[in-house]
Amino acid sequence: MRRARARLAGRSRVVTTTRGPVELGECGTGPPVLVVHGMSGGFDMGLSIGTDILGDKFRIIAPSRFGYLRSPLPSGATHATQADTLAALLDSLDVPSAVVIGVSAGAQSATQLALRHPQRVNALILITPALFMPPEPGANQAGPPAFVLDRVLGSDFLMWAMVRFARGLVLRIAGVPAALHDQITPEFRHKVVDWFLPASARHVGLAHDMRTTIPVAPDLPIEQLTAPALLVSAADDPYKTAEIIRYSGTRLPTARVVVCDSGGHVLLGQDDRVRREVRQFLDVVL
């Protein structure tokens, strides 16, 4: 846990906005890109994903969402209020508008930002997004039990034990199909593990995400989006985001929908394809 906290130390700052404090990490120079991280993440996940995709030719702005690391969870928090807070963050940074990347559960607030503050979003990129798709008849719509949300996920010891002794389970939770486990490098495994720890600093946001996004994400009026949109997933994502983006594409026909053959929820082995698709998309829309 000391190593996990040391890895985060000094890499972020807390910015005062009109809607409360927001933890923020930044890197790179160039056109601004706001990266909205997924479940179990924080600013560190946003920086990692942003730089993996875009390199150092863009200004990566990576906030920690409500309840993650040093960003508090306000009373009555919703994906809509998170979007309003992201807009306030851009105000505090004197950024009139930005490309917005939403990853996994971060797609909810990223999409809300594009809907509620369209003038702030130059383009919207959603990667393995937790968007709405009609559930199958009879599907179990119950979320994780409260004990798991409030106790297990918030325990540094239990999460450390799971990472130490059940790494396969951690990878499955991260959305890596079992068929791809032998392709995982030690560097990639460490990166995924880092996004879970320290659990006690992330569990408030993670529990909020699970209560508000799982098992069926809220339906948003994506037909009203005006920003150019790119949706990316993999056919073998166990969280079925390939089906989600295909469904979203029928509602937003102007969006570019990209489904990789494999890679799971983390798009393992698809780095070059994702970089190419994102950069080609930005070359056209910016």
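Just so you know, these numbers use all the heavy atoms, side chains as well, and skip hydrogens, waters and symmetry mates. Quick note: residue numbers are just sequence positions, from 1. Quick caveat, the model's predicted, so the values are computed rather than measured.
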Review point. Mind checking whether Pro134 and Asp219 have side chains closer than 4.5 Å, heavy atoms only?
Key: no
Check your understanding: Distance only, no hydrogens: is a donor on one side chain within 3.5 Å (strictly under) of an acceptor on the other, for Ser233 and Thr241?
Key -> yes
Review point. Charged N to carboxylate O under 4.0 angstrom, Asp271 versus Arg276?
Key: no
Exercise for review: Verify the distance criterion only: is there a donor paired with an acceptor across the side chains of Ser109 and Arg65 at less than 3.5 Å?
Suggested key: no
Check your understanding: Do you know the tightest heavy-atom contact between Val121 and Ala114?
Key -> CG2-CA, 3.7 Å
Check your understanding: Would you call Val36 and Val100 a side-chain contact if the rule is heavy atoms closer than 4.5 Å?
Key -> yes
**Study point:** Contacts of Phe281 that satisfy ring pair (Phe, Tyr, Trp, His ring centres under 6.0 Å) - sequence neighbours left out
**Key:** none
Review point. Does one side chain, of Ser64 or Glu23, offer a donor that lies under 3.5 Å from an acceptor on the other?
Key: yes
Review point. Is the shortest heavy-atom distance from the side chain of Val99 to the side chain of Leu34 under 4.5 Å?
Key: no
**Study point:** Side-chain donor or acceptor of Arg120 paired with backbone N/O of Pro96 under 3.5 Å
**Key:** yes
Point to revise | Partner residues of His79 under the ring pair (Phe, Tyr, Trp, His ring centres under 6.0 Å) criterion, sequence neighbours left out | key: none
Point to revise | Salt-bridge contact Glu277-Arg273 (side-chain N to carboxylate O under 4.0 Å) | key: yes
Exercise for review: Tell me yes or no: between the side chains of Ser200 and Asp156, is some donor less than 3.5 Å from an acceptor?
Suggested key: yes
Review point. Side chains of Ser97 and Asn122: do they bring a donor and an acceptor to under 3.5 Å?
Key: yes
Review point. Strictly under 6.0 Å, is that where the ring centroids of Tyr68 and His37 end up?
Key: yes
**Study point:** Arg256 side chain vs Ala229 backbone, donor-acceptor pair below 3.5 Å
**Key:** no
Check your understanding: Under the side-chain contact (heavy atoms from CB on, under 4.5 Å) criterion, do Val14 and Val22 qualify, and how do the steps go?
Key -> CA-CA 5 Å; Val14 175; Val22 178; over 6 Å; no
Review point. For Asp194 and Arg7, which heavy atoms make the closest approach, and how far apart are they?
Key: O-NH2, 2.8 Å
Study note, to complete from the structure: Leu131 and Ser248 have their tightest heavy-atom pair at CD1-OG, 3.7 Å
Check your understanding: Which pair of non-hydrogen atoms, one from Ile61 and one from Pro32, has the smallest distance, and what is that distance?
Key -> CD1-CB, 4.0 Å
